[in-house]
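As structure tokens, the structure follows; a few thoughts come after it.
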Amino acid sequence: MRVEKPLALGLMTRPSEFRRRHSLGVAALSFCPMGEEAGLLGEVAMWKFLPEVLPPAQPIDMALPKPAAEFLVTGSAFAPQGRPVRALTVSVRLGAVTKRVGVVGDHHIEDGLPTEPAPFTEMPLGWERAYGGPSCPENPLGR
């Protein structure tokens, strides 16, 4: 078999079996700069960049069949005009797909109730700052 791919795309594969049916999952990965100008960055740059921004236990992709395409974004939420806020909504758009995330300032539980979120001007986004923790199977990396 001969595989040809553009130098800007990463490629991951994974064979799987479900109900005695064998499948081959193929993930094509692209690395795009944020902003209005369209473009792809090279695959080598992507593999160098990912370990800097993803937690060690965070897989980039499991290469399993999915009902629709996905995209991964890394970065921080910034308060409008640099004025501290307790919460805000950020969004990212890729083509026709828009994802929104609610961002809340740091808080903790006192007497079984959450405290008021602390004001922030910048909040890093990631699984390690999201709801979760060791006892939360949906996000064991979280807080």
Side-chain angles (χ1 to χ4, degrees), residues 3 5-143:
V3 176
K5 70 172 190 64
L7 294 176
L9 292 181
L11 187 66
M12 297 175 69
T13 61
R14 179 179 181 165
S16 61
E17 179 185 353
F18 182 67
R19 294 185 180 163
R20 302 176 77 100
R21 293 191 65 197
H22 297 275
S23 301
L24 176 64
V26 179
L29 309 172
S30 62
F31 186 42
C32 309
M34 299 293 283
E36 296 297 321
E37 193 172 318
L40 292 177
L41 303 174
E43 177 187 14
V44 173
M46 175 181 63
W47 292 119
K48 288 180 179 178
F49 176 76
L50 288 173
E52 297 174 12
V53 296
L54 291 178
Q58 171 79 42
I60 179 71
D61 195 300
M62 299 295 285
L64 292 171
K66 299 175 181 77
E70 300 178 321
F71 60 91
L72 176 68
V73 177
T74 184
S76 295
F78 293 89
Q81 289 87 41
R83 295 186 185 126
V85 296
R86 294 182 187 275
L88 57 80
T89 300
V90 296
S91 64
V92 62
R93 180 175 51 99
L94 182 63
V97 179
T98 301
K99 301 285 185 173
R100 290 179 181 78
V101 175
V103 182
V104 179
D106 289 332
H107 57 283
H108 58 277
I109 304 294
E110 274 184 22
D111 299 324
L113 298 172
T115 61
E116 275 291 309
F120 66 92
T121 56
E122 178 182 357
M123 182 66 67
L125 302 176
W127 288 110
E128 68 281 357
R129 296 202 54 86
Y131 177 80
S135 62
C136 180
E138 293 85 7
N139 182 18
L141 299 174
R143 298 173 168 219

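Computed from a predicted structure; not experimentally measured.
Between the OG1 atom in Thr115 and the NE2 atom in His107 there is a gap of 6.5 Å [rounded to 0.5 Å]. The distance from atom CD1 of Ile60 to atom CG of Leu50, rounded to the nearest 0.5 Å, is 4.5 Å. How far CG of Leu40 is from CG of Leu7: 11.5 Å, rounded to the nearest 0.5 Å.
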Listed pairs under 3.5 Å, donor-acceptor, residues 135-143 side chains, sequence neighbours left out:
from   : atom 1 : to     : atom 2 : distance (Å)
Asn139 : OD1    : Leu141 : N      : 3.3
Asn139 : OD1    : Gly142 : N      : 3.4
Asn139 : ND2    : Trp127 : O      : 3.0
Asn139 : ND2    : Tyr131 : O      : 3.0

Could you list the donor-acceptor pairs under 3.5 angstrom formed by side chains in residues 82-105, with sequence neighbours left out?
from  : atom 1 : to     : atom 2 : distance (Å)
Arg86 : NH1    : Pro117 : O      : 2.5

Side-chain atoms of residues 11-23: list all donor-acceptor pairs with protein atoms under 3.5 Å, sequence neighbours left out, distances to 0.1 Å.
from  : atom 1 : to    : atom 2 : distance (Å)
Arg14 : NH1    : Met62 : O      : 3.4

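The salt bridge (charged side-chain N to carboxylate O under 4.0 Å, His left out) test applied to Glu110 returns no partner, not counting sequence neighbours. Residues passing the side-chain hydrogen bond (donor to acceptor under 3.5 Å, both in side chains) test with Ser76, sequence neighbours excluded: Glu122.
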| Could you go step by step and tell me if Met123 and Asp106 meet the side-chain contact (heavy atoms from CB on, under 4.5 Å) rule? | CA-CA 9 Å; Met123 182 66 67; Asp106 289 332; 4.2 Å; yes
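Contacts classified as salt bridge (Lys or Arg N to Asp or Glu O under 4.0 Å) and involving residues 25-35 (residues at least two apart or in different chains) are not found. Contacts classified as ring-ring contact (aromatic ring centres under 6.0 Å, His included) and involving residues 35-56 (residues at least two apart or in different chains) are given here: Phe31-Phe49.
Considering every non-hydrogen atom in both Ala77 and Leu125, the closest pair reads N-CG, 4.0 Å.
Heavy atoms from other residues, nucleotides or ligands lying under 6.0 Å from CG of Leu24 number more than 12.
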